Amino acid sequence: MSNSTDQSLLSKLPSQNAEPLWTVMHSMVKPLPSPRAVPSIWRYNDIHALLLEAGRTGPAEKAERRVLMLVNPKLDAPFTTDTLYAGLQLINPGEVAPAHRHRSFAIRFIIEGSGAFTAVGGNKVYMEPGDLILTPKWQWHDHGHEGDAPMIWLDGLDLPLYHKLPVHFAEPYTEPSYPSKPVVDSPLRFPWAQMKAKLDASSANFSLEEYHDVATGGHISFTIGAMALRISKGSKISPKRDTCSFIFHVIEGHGKTTILGNDRSNGETVAWSKGDTFAVPAWNHITHDVATSGGDAYLFILTDKPLLENLDMYLLDSTQS
Ligand code: GTQ
C-alpha cells in the first residue's frame with residue numbers, strides 16, 4: 001500500500017470507529033506471553049508489623065475485612081499477579097469480620113494464631129497454622145475469633161479476573177454472623193499435618209502435592225488451584241515454565257528463588273524465609289534453591305492453572321531442557 005493511499009485511508013477510519021491492524025500487528029499479537037505483573041516479594045517481618053498496627057487502629061467490624069493487599073508493583077489492586085489476588089488478613093480476639101457473600105472464590109492459608117474460625121454456609125471451621133480453608137463462591141461467610149492473640153492468614157481470591165469480566169458483586173448479610181455450628185471434619189479444611197505427611201512420604205529431593213476438591217477429586221475451584229511443595233535442604237530445582245502465574249508462601253525453611261523474565265531478561269533473585277510471600281508472573285523461568293543449613297523448605301502455592309485449563313489456555317514450555 002503506497003504511503004499516500006495509506007494516509008488517505010487512515011484519515012477515513014476514525015469516523016467509522018475502525019483502525020488498521022497492520023500498523024500495530026506486533027503489539028497485538030506478541031511473540032511471547034507478556035504478563036504485566038513483575039516478580040515481587042512481601043516480607044512477613046515488614047507486613048506483620050503494619051498489620052498489627054492496623055489491628056490497633058480500628059475494629060474488624062468496621063473495616064469489614066482487615067486486610068493488607070499484596071499489590072504487584074507494576075499493577076494496581078487487586079492484582080498480585082495478572083490473574084491472582086493475595087492479601088494478609090488479621091482478626092483480633094473477640095472480633096467478627098461480618099458475614100457477606102460474593103461471586104469470587106476464596107482460600108485462606110493460615111499463618112499464625114489459634115482459636116479463630118471461618119464460618120462458611122453455616123459451618124464453623126476452626127483454623128490452625130498451615131491449614132488451607134476454602135470459601136466457595138456465593139457462600140455466606142464470616143470470620144470470628146475465640147482465642148486470645150491476633151490471628152493472621154493469607155487470603156487468595158480470583159478477583160483480578162473480574163476486571164475483564166465485570167460481573168463481580170457482593171452482598172452483606174443482615175446480621176454480623178450467619179447462623180452456624182462447629183464442624184470437626186469439614187471438606188473445606190485441609191489440615192497441614194495431612195498435607196505435610198504426604199510431602200514427607202517421598203524421599204526425592206522435592207515433592208509437590210495438589211489440594212483436591214473432596215467431592216470431585218479435581219482442582220479446588222474453576223479458577224484457582226493450590227499446591228504444597230517440599231524441597232529438601234541443599235537442593236536446587238528448576239520446574240518447567242508454563243502459562244500459569246503463581247503466588248508462593250513460605251510455610252517453613254529458607255532459601256532463594258531466581259525468577260527470569262519471559263525472554264530471560266529482568267532476572268531477579270528473592271531470598272525468602274518463613275512467612276514471606278512472593279509472586280511469579282506467567283512464562284517466567286524459576287529456580288528454587290534451598291540452603292544446606294536448616295531443614296527442608298515447605299511452600300504453599302496458589303496458581304491460576306484451573307482457569308487456564310478450563311479455557312484451554314494452559315501450555316507447558318516443552319522446549320525447556
Ligand atoms: O475474607 O471475605 O482479602 O471478601 C478480600 C475480599 C478477603 C474475605 C479479602 C474478601 C475477603
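Only a predicted model underlies this, so the values are computations on that prediction, with no experimental measurement involved. Counting starts at 1 for both ligands and their atoms, in listed order.
- No more than 12 heavy-atom neighbours from other residues, nucleotides or ligands sit within 6.0 angstrom of CZ on Phe222.
- Between Tyr44 and Trp272, the distance from one ring center to the other does not fall under 6.0 angstrom.
- Under a 4.0 Å heavy-atom criterion, Glu64 is not in contact with ligand 1.
- Annotation: cation-pi geometry satisfied between Lys124 and Phe117 (NZ/CZ under 6.0 angstrom from ring centroid, within 45° of ring axis).
- With hydrogens and angles disregarded, no donor-acceptor distance shorter than 3.5 Å links the side chain of Asn205 to the backbone of Ser232.
- Taking every non-hydrogen atom of Val67 and a distance limit under 4.0 Å, the qualifying atoms of ligand 1 come out as 3 (O).
- Asp155 OD2, 3.4 Å is the protein heavy atom nearest to atom 9 (C) of ligand 1.
- Taking atom 8 (C) of ligand 1 as the reference point, the nearest protein heavy-atom neighbour is Arg65 NE, 2.9 Å.
- Ranked by closest heavy atom to atom 10 (C) of ligand 1, the top entry among His102, Arg101, His143 is His102.
- Of the protein's heavy atoms, Leu157 CD2, 4.0 Å lies nearest to atom 6 (C) of ligand 1.
- Checked against the 6.0 Å centroid threshold, Phe79 and His163 count as a close aromatic pair.
- Between Trp42 and Val71, the closest heavy-atom pair is CZ2-O, 3.3 Å.
- Heavy atoms of Arg108 come nearer than 4.0 angstrom to ligand 1 in at least one pair.
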